[in-house]
Amino acid sequence: MKRRHSTISADAKVLEPKQGSKSNRRKLSKSSGRLAGLLSLPMDILFEVFGHLLPIDLLHLARTTKEFRHVLMRRSSISIWRDSFSNVPDLPSFPPDLNEPQWANLLFDSHCHNCLRASVRTVEWRFRVRFCSKCSATKLVAMYEWELEFSPRLVAWRYASKPDTKYPGFKSKQCVYSQDEIDMFVKQVQAFDLEVDRPAYNAYIDARRLAVGNVMNHAKECEEWVVRCTDDRRQELQNIKRERVEAVIERLTELGWGDDISRLLPADSLVSHPLVNKPVPLTDRIWNNIRDQLEDYMEDMRKKRLDSIAFWKGARDVSVNM
DNA sequence: CACAGATGATTTAGGAGAGG
DNA sequence: CCTCTCCTAAATCATCTGTG
């Protein structure tokens, strides 16, 4: 697999600037002078600094100005990217058919690769693309195998092995293909004159099968990585929530609510209170914002408990007197 | 006073589960 | 199997607050 050497960036879309809000643009213009000053640093220092950034930071930086793009996208800057990737633990293996910015873009940039819509979480690792739901509908096609013009065994092109219910309208027995890749494959196959080029055609198909197999294996690795990341993140959020609950209980206890907290019914537990059950650490400022509401809540719960006690006491007295 | 960072409201994506 | 609804997490943005 030959790599291009002039720049790292093979795909202009990788460097497509993000659409910023007005406030973002204002911020950029105010701080641009300082960022630009970075480039006046000696190269070895610059490499050292950049090497401590995360890949997505490098990508964002390369999108800010032509100068940053020039520095970060040239072949001689590859060590920056390698250092940067080494800052992220537990990544899938580096795919040999992508370059570093493309790989960073696929892994970490959440924009649709087709329309640049933000916040797209679904990556099609088999096709090495991130598409929003709208673009998935146009750029991915669902077909039964027999619908393909060429034998699917030869195309072997990254089809879904199980129902892909995330695409509305796709039938479970259908396979999912990238329209662009089918077009490219068909074009390349049609370029062969099979009367003359049969050996070359066979070699092409063999190479294609091998390449597809490698990408499929790599996609599996990436999907497993996503599962691990999601699990880790879920755990992290649970820990933050738990610590917030503990912090709230501690502060309420300091205010004299400790006894009432221990007597709360499970259904009234602070764990499920909307102001408490949030994956955001409790700061002094947040505490100041929520304290009054939580004290009101504890007051209500105390009243509820005392009313309940009074009710049962009354009921008992009635039954004793009967 | 300007600025950076924190906060909270709102919007959006996507997963889980219920029901046809 | 498919669709719909609900819920959670993430992203975005305007506003607030603390600091120099």
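Letters A, B, ... are given to chains in the order of the sequence lines, protein chains preceding strands, and every chain is numbered from 1.
- Distance, A/N288 CG to C/dT17 C1': 12 Å, rounded to whole Å.
- Heavy atoms of A/R234 sit nowhere under 4.0 angstrom from any nucleic acid atom.
- A/R242 and A/E246 are joined by a salt bridge, as a carboxylate oxygen and a charged side-chain nitrogen come within less than 4.0 angstrom of each other.
- Looking at A/D268 and A/R305, no side-chain N of the basic residue comes within less than 4.0 Å of a carboxylate O on the acidic one, giving no salt bridge.
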ask   = What do the steps show when you test A/H113 against A/F131 for ring pair (Phe, Tyr, Trp, His ring centres under 6.0 Å), and what is the final call?
value = CA-CA 6 Å; A/H113 287 188; A/F131 285 148; 7.1 Å; no
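- One can place CZ of A/F108 at 17 Å from C1' of C/dA10, the figure rounded to the nearest angstrom.
- One atom, CD of A/Q238, and another, P of C/dT8, lie 13 Å apart when rounded to the nearest Å.
- Look at CG on A/D109: it is 11 Å from P on C/dA11, rounded to the nearest Å.
- The A/T283 side chain lies nearest to B/dT7 when the options are B/dG14, B/dT7, C/dA10.
- Regarding A/D284, its CG atom lies at a distance of 13 Å from the C1' atom of C/dG18, rounded to whole Å.
- Remark: C1' of C/dA9 and CG of A/N239 are 16 Å apart, rounded to the nearest angstrom.
- Under 4.0 angstrom from either OP1 or OP2 of C/dA9 there lies at least one side-chain N or O belonging to A/K241.
- Side-chain proximity of A/L237 to the nucleotides B/dG14, B/dT7, C/dA9 is greatest for C/dA9.
- Contact annotation: A/N289 does not reach the phosphate of B/dT7 (side-chain N/O to OP1 or OP2, under 4.0 Å).
- For the pair A/D232 CG and C/dA10 P, the interatomic distance rounds to 12 Å; values are reported in whole Å.
- Tracing side-chain contacts under 4.5 Å through hydrophobic residues (I, L, V, M, F, W, Y), one never reaches A/V120 starting from A/I56; they form parts of separate clusters.
- Residue A/L275 contributes atom CG, which lies 9 Å from atom P of B/dG8 at whole-angstrom precision.
- Using a 4.0 Å cut-off, no side-chain N or O of A/S110 falls inside it from OP1 or OP2 of C/dA10.
- We find that A/D97 and A/R128 are joined by a salt bridge, their nearest charged nitrogen and carboxylate oxygen being less than 4.0 Å apart.
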